[in-house]
Amino acid sequence: PPPPSLSLLLVLLGLGGRRLRAEPGDGAQTWARFSRPPAPEAAGLFQGTFPDGFLWAVGSAAYQTEGGWQQHGKGASIWDTFTHHPLAPPGDSRNASLPLGAPSPLQPATGDVASDSYNNVFRDTEALRELGVTHYRFSISWARVLPNGSAGVPNREGLRYYRRLLERLRELGVQPVVTLYHWDLPQRLQDAYGGWANRALADHFRDYAELCFRHFGGQVKYWITIDNPYVVAWHGYATGRLAPGIRGSPRLGYLVAHNLLLVSARGQAEGHAGETEGLHRGQGEVWELSLPQTRLHLDTCMWSPGETEQF
């Protein structure tokens, strides 16, 4: 084969046979597509103009990045169970005849390792320095700090991991934005109560939130209680497309949504109670919910006029 330099020359000569040209102003038609923003309040976000105090941030969720799903005493979450034992689509019986514990032919990717951030705090946070962001949003794994989901003796290794992460963010000058719940309910609570369909989870969430405020309030100013409750309620308990994979009725989806609002209020009330002491010296702010296109943050879920699935 020809040497790499000759191969490159041949490619360039081949491209030279095609006439590629553009006239000044040709790009105007591209920008014309953005001349009318989808919402009036988005007008200031085009053409490189952002409001004063705009927070440049990136975000992640615990199950997406941490890995270490069984390390140092972490309990299982509903996403661990959902990905290890996926449900067959309606009418598909491929899982029905499998012996208990046998691998499923429907096995999807899991978060068992993910990007292994649990074991690589320095490596992954170094990317924040490269990006030059001012804020980093991440979530706490409920099952990592409270393996059974209930108040009791917390998992010290789990708490140590988040303290280490927060300390690293402080070194980088990056402000943390912490989500208390990003879809990964401890499996023990799902088994014992039926998950968010049971209002009893409000008390467990309150205890979990209080634990996080007590241990991390001095390092965290911004808190979000629940990420995108629409997805949790509808696709977790009505369509079954996401964990815990319950194919229930629309009524069940709305019941879960109602309970999530109550749970969020409990967590917010717990945070405001802590604010009398500055969230234990942190001077924190507790935001009630994380929803697409709200003043809280820019979510990855986008809505456009005409869409019917709205929370």
Task: Under 3.5 Å donor-acceptor, W183 side chain and D227 backbone - done: yes
TODO: Report the residue from Y208, W196, Y63, W223 that forms a ring-ring contact (aromatic ring centres under 6.0 Å, His included) with Y181.
DONE: W196
Open item on the list: Looking only at the side chains, is there a donor atom on one of T81 and H85 sitting less than 3.5 Å from an acceptor on the other?
Closed with: no
Open item on the list: Heavy-atom count check: over 12 atoms from other residues, nucleotides or ligands less than 6.0 Å from R156 CZ?
Closed with: no
Task: Verdict with reasoning, R241 to V231, per side chain to side chain contact (heavy atoms under 4.5 Å, CB included) - done: CA-CA 10 Å; R241 287 168 52 188; V231 172; over 6 Å; no
- [ ] Determine yes or no for a side-chain-to-main-chain donor-acceptor pair under 3.5 angstrom, with Y193 supplying the side chain and A200 the backbone.
- [x] no
TODO: Test R206 against D203 for side chain to side chain contact (heavy atoms under 4.5 Å, CB included), laying out the working first.
DONE: CA-CA 5 Å; R206 179 201 59 207; D203 292 331; 3.4 Å; yes
Open item on the list: Checking the side chain of N259 only, and the main-chain atoms of A197 only, is there a donor and an acceptor separated by less than 3.5 Å?
Closed with: yes
Open item on the list: Taking side chain to side chain contact (heavy atoms under 4.5 Å, CB included) as the criterion, tell me which of S139, C212, S264 meets it with L180.
Closed with: C212
- [ ] For the residue pair D124 and N120, confirm or rule out a side-chain donor-acceptor distance under 3.5 Å.
- [x] no
Task: R144 to Y118 six-membered ring, cation-pi geometry met (6.0 Å, 45°) - done: yes
Task: Pairing of R168 and E171 as salt bridge, 4.0 angstrom limit - done: yes
Open item on the list: Would you say Q71 and N119 are linked by a side-chain donor-acceptor pair, where the criterion is simply a distance under 3.5 Å?
Closed with: yes
Open item on the list: Under a 3.5 Å distance rule, please check whether T134 uses its side chain to pair with a backbone N or O of L55 as donor and acceptor.
Closed with: no
